[in-house]
Q: 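Okay, here's the structure, questions in a sec.
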Amino acid sequence: MAKTAELIIDGKSYKLPIVEGTENEVAIDISNLLEEAKVITLDFGYKNTGATKSAITFLDGDKGILRYRGYSIEDLAAKSSFLEVAYLLIFGELPSTEQQKKFTDDIKMHTMVHEDTRKILDGFPSSAHPMGVLASMFCAQTAFYPESLDPNRSSEAVYLSIVRSLAKMPTFAAWAYKNAVGHPVNYPDNTLDYCSRFLKMMYGLPAEQYDVDPVVADALDKLLILHADHEQNCSTSTVRIVGSSKASIYSSISAGINALWGPLHGGANQEVILMLEQIKNDGGDTEKWINKAKDKNSGFRLMGFGHRVYKNFDPRAKIIKKAADDVLNKLGVKDPVLDIALKLEEVALRDPYFIERKLYPNVDFYSGIIYRALGIPVEMFTVMFAMGRLPGWIAQWKELRENKEPIGRPRQIYTGQKLRPYVPIAKR
Ligand code: MLT
């Protein structure tokens, strides 16, 4: 007997189907509620509302669990690679040796971008935020690959769009950085692996030998794995709702990049460093700023602490913390901002005020620290997040299309004026 929930409105009973997931999550299916009961539900920010069924990522905010296609984030961060995780998220299974080689080689074939993309890049002043440049260059790919405007064209065409997206993201990201610093762009060196290729495009200078530090490349690969997907977060939900209108993969991803840009989402790692620099420039008195954070009238909030989904700890933060410690030690980085970060972390992990409010250091806190230690400029932090999140966006867009999900169209409760007659301006 299928489980149901009962809703009683004005004495009338409505039976609503109960849906249960693989990990025993429970939802009330309200798909027919408006038709049957002439009512809708209201849930600002959809924090209690499921938009879809997905087999890609499972997370448990209470237990601090995060799994991609059933594999724990701890296992994948320790044993896998970013491109292998990308394959897993997008195609559902870990690749065989042959599948991984083909995937990696196919990506290498497409790391170059159409030279006319340079004209788009050149139109941006150096003051342009790299996220705006990235989103524009991604959407512009619809112009160079117009066949992508039909997302259902064929599985081969979808595969090609997927490979092109993964291949060109590091090139676009490095070019957005070069535009910000006013340096000439570099072209991809396909003799290198995914992260090393990006680092060389980002930091390489004309006529100079650039040797990628394997410690930095390995740390970056791990960071990208940790950011690869996170079920229906803001930017992924944006990719899905744009994709639900049958928009191309490139415009859907471009929308996701723009959603990620916000300081409440992917921009949080940039805000962490700006906060730490504010504390340093104020003399570095962490105790003073901890007390400001506790004073609700101060208007100051500690960035990088707590999480809207994880109630006890962010599993990614634990992994990144270890990676940050390793990188700082291996690179011998000495940075007063990072010293302040470690002091804040130490206080947040023992102070009852933060413990009671679950304000523990999250993934943005540690990713901001490690990106800074890797020498990545703060304006590029959210671009790094986008590079990591790309396979998740692709996997969710592909799942939506394969499941033939309907166009997203939420409803509302109207609170405006009732009907009123038009009044000519002369009589107002
Ligand atoms: C993410 O990884 O997307 C962030 O933790 C935000 C979220 O999941 O809501």
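Remember, it's 1-based here, ligands and their atoms both numbered in the order they're listed. Remember, it's a predicted structure, so these values are computed and weren't measured experimentally.
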Q: Can you report which non-hydrogen protein atom sits closest to atom 5 (O) of ligand 1, along with the distance?
A: H307 NE2, 2.6 Å

Q: So does K318 have more than 12 non-hydrogen atoms from other groups sitting under 6.0 Å from NZ?
A: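 Count not over threshold, so no.
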
Q: Tell me yes or no: between the side chains of N186 and Y203, is some donor less than 3.5 Å from an acceptor?
A: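 Per modelled atom types, N186 and Y203 side chains form no pair under 3.5 Å.
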
Q: Of the protein's non-hydrogen atoms, which lies at the shortest distance from atom 9 (O) of ligand 1, and what is that distance?
A: R308 NH1, 3.2 Å

Q: Nearest to atom 8 (O) of ligand 1, what protein heavy atom do you find, and at what distance?
A: H230 ND1, 2.5 Å

Q: Answer yes or no on whether K292 is positioned over the face of W289, meaning its NZ or CZ is under 6.0 Å from the six-membered ring centre and within 45° of the axis.
A: yes

Q: Which of the numbered atoms in ligand 1 are below 4.0 angstrom from a heavy atom of R316?
A: 1 (C), 2 (O), 5 (O)

Q: Between K321 and E345, is there a salt bridge with N-O shorter than 4.0 Å?
A: yes

Q: Could a heavy atom of E231 be found less than 4.0 Å from some atom of ligand 1?
A: no

Q: Within the 4.0 Å heavy-atom shell around R389, which atoms of ligand 1 are there?
A: 1 (C), 2 (O), 3 (O)

Q: Kindly say whether G64 contributes a backbone atom to a donor-acceptor pair with the side chain of D314 at under 3.5 angstrom?
A: no

Q: Could you check whether any heavy atom of H265 sits closer than 4.0 Å to an atom of ligand 1, since that is the contact criterion I want to use?
A: yes

Q: With heavy-atom distances below 4.0 Å as the criterion, list the atoms of ligand 1 near N233.
A: 3 (O), 7 (C), 8 (O), 9 (O)

Q: I'd like to check the salt bridge (Lys or Arg N to Asp or Glu O under 4.0 Å) partners of E23; sequence neighbours left out, ordered by chain and number.
A: R67

